[in-house]
Amino acid sequence: MTRTLLKAGAAMMCLAAAPASAQDTFDFGAMNDDQKAAFGQAVRDYLMDNPQVIMDAVAVLEQQEAAAQEQNDKQLVETHRDALLNDGYSWVGGNPDGDFTIVEFMDYRCGYCRKAQPEVTELLENDGNIRLIVKEFPILGDASTISSRFAIATKIVAGDEAYGQVHDALIALEGNPTEASLKRIADTLGLDADSIMAEMGSEEITRRINETRALAQAMQINGTPSFVFGDEMVRGYAPLAAMEQIVAMGRAE
């Protein structure tokens, strides 16, 4: 990047100083070695005297890259909207008839997913008109996969309400999930632990997880948590105040 900035700055300096006729024929590559060395020294001297030029150029570049990423993300959301909202198996929480939808790709063993959990819950409670769709996206090893398979099995065997309770319990679970700890969660919630455990190895659960992983890959999502707020993608943890602002802006569009 430094070399590019130096060449760009040098070319702009030379063009600005040259008459119009010279600007039409200026060719940096045509300089001999001595001319290039002198030219480079002049650019270096200018930048050393005006270091803010580099910072300004980097800031502009970052703004352009952010704008391009945002546009790309919006296109990804639009392309995959049906899979995001209507896959037929992802759990729906909050207000199912809400006027604003948040999709969360999460992993039970992810520290930032755990940090986001109470803030997402508070957002839903404070707003009351948000639909939350949870995508089971286990990417942090076997413990993550076991947790997701247990949660999905609970949904299949015992329904949405039970899934919501198990989801919260798994997020709060200390240590890696074991057969004993998962049975304890089921027993505490009054669920049929044996039926849930038997369902965990089903091909249907494998299909759901694989489809979600394929969707994430297609949307260039490789970390958790990742959110889709309406038409906007947020890659990573966002505090409550930021989520509230994103929702408000999304509704206003």
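Only heavy atoms go into these numbers, but all of them, side chains included; no hydrogens, no water, no symmetry mates.
- Under the 3.5 Å distance criterion, the side-chain polar atoms of Gln35 are matched with a main-chain donor or acceptor of Asn32.
- Tyr163 and Ile156 are not part of a single hydrophobic cluster, where members link through side-chain heavy atoms under 4.5 Å apart.
- Using modelled atom types, no side-chain atom of Arg131 and backbone atom of Phe100 make a donor-acceptor pair closer than 3.5 Å.
- A donor-acceptor contact shorter than 3.5 Å links the side chain of Asp107 to the backbone of Arg109.
- With hydrogens and angles disregarded, no donor-acceptor distance shorter than 3.5 Å links the side chain of Lys183 to the backbone of Met197.
- Here the side chains of Ser148 and Tyr108 are in contact, with some heavy-atom distance below 4.5 Å.
- Under the 4.5 Å side-chain heavy-atom criterion for grouping Ile, Leu, Val, Met, Phe, Trp and Tyr, Leu84 is not connected to Ile102 through any hydrophobic cluster.
- Between Glu204 and Arg207 there is a salt bridge, since at least one side-chain N of the basic residue sits less than 4.0 Å from a carboxylate O of the acidic one.
- Annotation: side chain of Glu119 is not in contact with side chain of Leu123 (no heavy-atom distance under 4.5 Å).
- Under the 4.5 Å side-chain contact rule for hydrophobic residues, Ile139 and Met219 share a cluster.
- Residues Leu191 and Ile205 do not share a hydrophobic cluster, defined by chaining ILVMFWY side chains whose heavy atoms lie under 4.5 Å apart.
- Taking the side chain to side chain contact (heavy atoms under 4.5 Å, CB included) definition, one finds that Lys135 meets it with Asp87, Ser90, Val103, Phe105, Ile133, Thr212, Leu215, sequence neighbours left out.
- There is no path of hydrophobic side-chain contacts, each under 4.5 Å, that joins Val120 to Tyr112.
- Arg149 places no side-chain N or O within donor-acceptor distance of the main-chain N or O of Ile209, the cut-off being under 3.5 Å.
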Run the side-chain donor-acceptor check on residues 222-232: report pairs under 3.5 Å with partners two or more places apart or on a different chain.
| from | atom 1 | to | atom 2 | distance (Å) |
| --- | --- | --- | --- | --- |
| Ser226 | OG | Gly223 | O | 2.8 |
| Asp231 | OD1 | Arg81 | NH1 | 3.3 |
| Asp231 | OD1 | Arg81 | NH2 | 2.6 |

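- No side-chain donor-acceptor contact under 3.5 Å links Glu199 and Ser195.
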Only distances under 3.5 Å count here; give the side-chain donor-acceptor pairs of residues 168-175 to other protein atoms, sequence neighbours excluded, each with its distance to 0.1 Å.
| from | atom 1 | to | atom 2 | distance (Å) |
| --- | --- | --- | --- | --- |
| Asp168 | OD1 | Gln117 | NE2 | 2.8 |

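- Proximity of a side-chain donor or acceptor of Asn50 to a complementary backbone N or O of Tyr46 within less than 3.5 Å is detected.
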